[in-house]
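The block underneath contains the structure these notes are about, expressed in structure tokens.
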Amino acid sequence: MKKTIFVIGAGKGLGNGVANKFASEGFRVVLMARNGSRLQEYAADFAARGFEAHTQTADVTDFKGFAVSFQKAVAAYGVPDVVFYNVGITAPDDKETLDANTLVEHYIADVAGAYHCIRLADTAEFAKKNGAILITGGGLALQPYADYLPLSMDKAALRAMVQALAPVQREKGIYIGTVQVTGCIGSNEYFSPGSIAEEFWKLYKTRETNETVY
């Protein structure tokens, strides 16, 4: 039976890059993001290349609404084998005007949304499949930068979350891992979505470590 990956945060960058890698390995892809029209465009592109792709609109910052969207995808396409969380607010912030409300808004999308997704995926059926949860990390978790203060804080929190939950999930048969991307995605071949997607594939296949610094 064909395996399924839910790509949360589908887009022309890393989201679709990882989706493309897993599709090329025989996975059915379920693309999830807020913009339904763009999702349809992405799915059409995958279909044109002979891959099975479906869509589900979803907003990770609306916890109740996202839970409904996630369950709709499960009802339509089955419990996934892999869940990939690729949501993050990556634009630089004005250090002079940055306030606590902005920090909270970023945290909801970057970290709380990821935790909520993990909780939704963490089921007996997912564990029976030896499911995997993959999360896009960032080098800012290791080397924070004031111009990207919310993102630096959030990537550090994501890293802590993965490291804390990894042994707990492992006992259930569920893998969780992250790639700490240390450069600008798409800036060169090394940091191309396709190259980074290969790192996520390695994590998924080997499950030898819960973190790759790339």
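Keep in mind that this is a model prediction, so the values were computed, not measured. What you see below is based on every heavy atom in this structure, not just the backbone, and it leaves out hydrogens, waters and symmetry mates.
- Closest approach of Cys117 to Tyr85, counting heavy atoms only: CB-CD1, 4.0 Å.
- Atoms CD and OG1, from Gln40 and Thr55 in turn, are 4.0 Å apart once rounded to the nearest 0.5 Å.
- Classified by interplanar angle (parallel below 30°, tilted 30° to 60°, perpendicular above 60°), the ring pair Phe51/Phe46 is tilted.
- Residues Val181 and Glu199 fail the side-chain proximity criterion, which asks for heavy atoms closer than 4.5 Å.
- When atom types are taken as modelled, the side chain of Asn210 and the backbone of Ile176 share a donor-acceptor pair closer than 3.5 angstrom.
- Apart from Leu103 itself, the hydrophobic cluster it occupies contains Leu98, Leu149, Met153, where clustering links Ile, Leu, Val, Met, Phe, Trp and Tyr at side-chain heavy-atom distances under 4.5 Å.
- For the pairing with Asp81, the salt bridge (charged side-chain N to carboxylate O under 4.0 Å, His left out) check across Lys129, Lys2, Lys128, Lys3 returns one residue only, Lys129.
- The side-chain contact (heavy atoms from CB on, under 4.5 Å) test with Ile8 singles out one residue from Ile135, Leu31, Val60, and that residue is Val60.
- Counting all heavy atoms, side chain and backbone alike, Phe63 lies closest to His116 at O-CE1, 2.9 Å.
- Contact check for Asp93 versus Pro150: side-chain heavy atoms found under the 4.5 Å cut-off.
- The hydrophobic cluster containing Val7 does not contain Phe66, counting ILVMFWY residues as joined when their side-chain heavy atoms lie under 4.5 angstrom apart, directly or transitively.
- Hydrophobic clustering places Tyr115 together with Val162 (ILVMFWY residues linked when any side-chain heavy atoms are closer than 4.5 Å, directly or through intermediates).
- Two residues are said to be in side-chain contact when any heavy atoms from C-beta on lie closer than 4.5 Å; Thr136 and Thr178 fail this criterion.
- Checked by atom type and distance alone, the side chain of Lys202 never pairs as donor or acceptor with a backbone atom of Ala197 at under 3.5 Å.
- Looking at Asn188, its side chain does come within 3.5 Å of a backbone N or O of Tyr190 through a donor-acceptor pair.
- Tyr42 and Arg38 form no side-chain donor-acceptor contact under 3.5 Å, judged by distance and modelled atom types alone.
- The main-chain N or O of Leu142 is never found under 3.5 Å from a side-chain atom of Arg159 such that the two would form a donor-acceptor pair.
- The shortest heavy-atom contact between Asp110 and Gly88 is OD1-CA, 3.1 Å.
- The nearest pair of heavy atoms linking Leu203 to Gly177 is CD1-C, 4.3 Å.
- Side-chain contact of Gln180 with Thr212: a donor-acceptor pair under 3.5 Å is absent, judged by distance alone.
- Counted by atom type alone, Tyr145 and Asp147 present one or more donor-acceptor pairs between their side chains at under 3.5 Å.
- Going from atom CD1 of Ile89 over to atom CG of Asp154 covers 8.0 Å, rounded to the nearest 0.5 Å.
- For residues 4-37, the pairs satisfying ring-ring contact (aromatic ring centres under 6.0 Å, His included) are Phe6-Phe70, Phe22-Phe27, Phe22-Trp201, Phe22-Tyr204, Phe27-Tyr204, with sequence neighbours left out.
- Linking ILVMFWY residues whenever their side-chain heavy atoms come closer than 4.5 Å, directly or via other members, leaves Ile174 and Phe84 in distinct clusters.
- Under a 3.5 Å cut-off, the side chain of Asn16 and the backbone N or O of Ala19 do not form any donor-acceptor pair.
- Remark: Arg28 CZ to Met1 CE distance equals 8.5 Å, nearest 0.5 Å.
- In this structure, Met32 is a member of the same hydrophobic cluster as Val87, with clusters built from ILVMFWY side-chain heavy atoms closer than 4.5 Å.
- Although no hydrogens or angles enter the test, the distance criterion places a donor-acceptor pair under 3.5 Å between the side chain of Ser195 and the main chain of Glu189.
- Glu52 and His54 share a donor-acceptor pair across their side chains, judged by distance under 3.5 Å alone.
- Ile108 CD1 to Thr61 OG1: the interatomic distance, rounded to the nearest 0.5 Å, is 7.0 Å.
- A distance of 8.5 Å separates NZ in Lys172 from CG in Leu165, rounded to the nearest 0.5 Å.
- A continuous path of ILVMFWY side-chain contacts below 4.5 Å connects Val30 to Val83, so both sit in one hydrophobic cluster.
- One distance of note links CZ of Phe200 with CG of Leu134; it measures 6.5 Å at 0.5 Å rounding.
- The shortest non-hydrogen separation linking Pro193 to Leu14 is O-CD1, 3.8 Å.
- In terms of heavy atoms, Tyr107 sits closest to Ala157 at CE1-CB, 4.3 Å.
- Checking Arg207 against Asn130 by side-chain atom types alone, no donor-acceptor pair falls below 3.5 Å.
- Between the side chain of Thr182 and the backbone N or O of Tyr214, at least one donor-acceptor pair lies under 3.5 Å.
- Side-chain contact between Tyr148 and Thr90 is absent, with no heavy atoms from C-beta onward closer than 4.5 Å.
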